[in-house]
Amino acid sequence: MLVVKFGGTSVGKPERMKKIANLVLTMPGKKIVVLSALSGTTNTLVRIGDHLIAERHTAAHQEIAELEKHYLQFINELYESEAYQAIGQEIVSRYFSLFRLLAAGKFDDRSYRELLAQGELISTELFYHHLQERKVSARLLPALHFMSIDENQEPELEKISERLKPILETLNNIDILVTQGYICRNHRNEIDNLKRGGSDYTASLIGAAIRAEEIQIWTDIDGMHNNDPRIVKKTIPIAELTFDEASELAYFGAKILHPSTIVPAQKYHVPVRLKNTMDEKAAGTIISDKGSRGQFKAIAAKDGITAINIKSSRMLLAYGFLRKVFEVFERYKTPIDMISTSEVAVSVTIDDSKNLSSILEELRGFGTIEVDTKQSIICIVGNMLLEKEGVLKDVFHALATVPIRMVSYGGSQNNISILVDTNQKDKALNLLNEGIFHL
Ligand code: ASP
Ligand code: MG
């Protein structure tokens, strides 16, 4: 069984939705097709939700009306026959009545999450009926029947697997199953989601849960590139990556994959293939246990990083100091990304600065604190055998003219992380592209 996920832009126009239907039909064997909402929809639903939370009803209704127009136009172009036009209209009017109903009631966080879930529900329903119109045998597989997260918002992979098994057995004779990305139920059995961009994660969770042959993520770029194409002129697609390399990259800002996507696939050794809907023939990127050798594979950068330096003579020759520092971050549920220490000081970085002032307040008890905001982590990923000489030389040589705030190397064989001021980022990415990829 294949799990095939298409993102918002791949279903964002009627002709693209038709195109992915063609594509799915050329794929051999059984597949579960995971769809995102049509491009722009989730953003609009977020805006509507924000308006409703803030009781800006007129603005919310304006957005709803505009979105409705968009969908009416969409079905108009998607379906050929009058009968299916009528089905399309029924679908749109059902969803938009729900939006108006939600807008009219007491709008709380729960209604907000219910609203956000409608994007994927409507896109899959529209796609399913498109297949029906083409007389393709397919079935909808409601994600809310099997996809769940626990009280810590972590997906319940084993439960998902157990729930899927009997469902898939009864659908044994159907080759194409269409399901929603992103949406799930939480531990209170309410509608919830896997956070923005979560459809990739859905595909990986399903792929792992059913031990699929392969998980395919179809987007609008041809696989992962060695560097950020928006910043660097010449980039090249990466043919093969290991799971470890891919997770470093996804986490550090390679926008192509949701950061948690790799985890379930890696756990059950299901290869993840990244493909381009706009260029089906392009090889894309395959992420698997094997990967390929080669020292430097890719560079990714993550902005919005805050570096915190804690300097304390109490750290000198002491044990337990770092634990106390880390506990502060733990109390505020704030993950630390990079860390670098000296005998009397430690620097850490965080990207979630929601609780920064409370964290700083507590850290002041330990020593002198300095904070640098607007930093970027540049993460160089590859197969950097620690016993090999000269790995850092190439990197530092390339970055000779860039001030470097922090460095982290040796934590894994796959990563060198460098912290620079965000205003140095573009320069650093370009210099590394020349210096280590010779592009
Ligand atoms: N529709 C959701 C979003 O825009 C999930 C996804 O596209 O992966 O975040
Ligand atoms: Mg996406």
Side-chain angles (χ1 to χ4, degrees), residues 3-13 16-17 20 32-50 63-64 66-67 70-71 74 91 95 98-99 102 109 111-128 140-144 146-149 153-155 160 178-186 190-208 215-221 223-224 246-247 249-251 253-265 272-278 287:
V3 178
V4 201
K5 180 257 168 175
F6 294 97
T9 43
S10 305
V11 291
K13 297 222 164 84
R16 297 219 180 118
M17 201 178 251
I20 68 155
I32 297 181
V33 178
V34 178
L35 299 186
S36 292
L38 312 194
S39 54
T41 296
T42 311
N43 285 343
T44 308
L45 295 176
V46 166
R47 285 199 303 274
I48 295 170
D50 288 346
E63 293 264 13
I64 294 173
E66 264 168 52
L67 192 65
H70 179 72
Y71 275 84
F74 194 94
I91 296 171
Y95 280 91
L98 174 67
F99 296 166
L102 284 171
D109 185 52
S111 350
Y112 199 146
R113 282 180 276 117
E114 186 176 344
L115 176 68
L116 292 186
Q118 305 308 314
E120 273 67 16
L121 288 165
I122 189 168
S123 70
T124 46
E125 208 173 321
L126 293 174
F127 182 66
Y128 167 72
L140 275 172
L141 181 65
L144 297 178
F146 62 86
M147 192 55 76
S148 63
I149 50 175
Q153 263 100 55
E154 287 297 324
I160 295 166
V178 181
T179 193
Q180 299 83 24
Y182 177 61
I183 66 174
C184 62
R185 289 199 179 266
N186 64 22
E190 298 161 353
I191 296 179
D192 212 318
N193 60 65
L194 301 173
K195 310 230 166 70
R196 294 306 307 273
S199 297
D200 295 343
Y201 200 13
T202 301
S204 178
L205 287 164
I206 296 177
I215 297 157
Q216 298 187 351
I217 311 275
W218 288 78
T219 60
D220 51 0
I221 18 180
M224 283 221 195
S247 47
L249 275 179
Y251 184 69
K255 292 279 176 321
I256 181 162
L257 267 191
H258 178 284
S260 314
T261 303
I262 302 300
V263 180
V272 178
R273 193 181 291 278
L274 308 178
K275 293 279 288 176
N276 185 354
T277 328
M278 313 294 164
I287 305 165

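Atoms within each ligand, like the ligands themselves, are counted from 1 in listed order.
Proximity of R16 to M278: side-chain heavy atoms (C-beta onward) are separated by under 4.5 Å at one or more points. With a 4.5 Å cut-off on side-chain heavy atoms, P264 and S204 count as touching.
Of the listed residues (I221, T219, I20), just one forms a side-chain contact (heavy atoms from CB on, under 4.5 Å) with T277, and that residue is I20.
When only interatomic distances are considered, the shortest N/O to N/O separation between R196 and ligand 1 falls below 3.5 Å. Below 3.5 Å of separation, one finds no N or O of Y182 facing any N or O of ligand 1. Close N/O approach between S36 and ligand 1 is found [any backbone or side-chain N/O within under 3.5 Å]. Annotation: G8 places no N or O atom under 3.5 Å from an N or O atom of ligand 1; distance criterion only.
Judged purely by distance below 3.5 Å, without hydrogens or angles, the side chains of T41 and Y71 pair a donor atom with an acceptor atom.
The side chain to side chain donor-acceptor pair (under 3.5 Å) test applied to Q180 returns T124, not counting sequence neighbours. Listed by chain and number, the residues in a ring-ring contact (aromatic ring centres under 6.0 Å, His included) with Y201 are H258 (sequence neighbours excluded).
The contact set between ligand 1 and E120, taken as ligand atoms under 4.0 Å from a residue heavy atom, comprises 1 (N), 2 (C), 5 (C). Below 4.0 Å from some heavy atom of S199 lie the following atoms of ligand 1, by number and element: 5 (C), 6 (C), 7 (O), 8 (O). Under a 4.0 Å criterion applied to the non-hydrogen atoms of T42, ligand 1 contributes the atoms 1 (N), 2 (C), 3 (C), 4 (O).
Between D200 and K5, at least one side-chain nitrogen of the basic residue sits less than 4.0 Å from a carboxylate oxygen of the acidic one, meeting the salt-bridge criterion.
Not close to ligand 1: K195, with no non-hydrogen atom less than 4.0 angstrom away. Residue contact annotation: G119 has no non-hydrogen atom under 4.0 Å from ligand 1. At a 4.0 Å cut-off, at least one heavy atom of G197 sits close enough to ligand 1 to count as contact.
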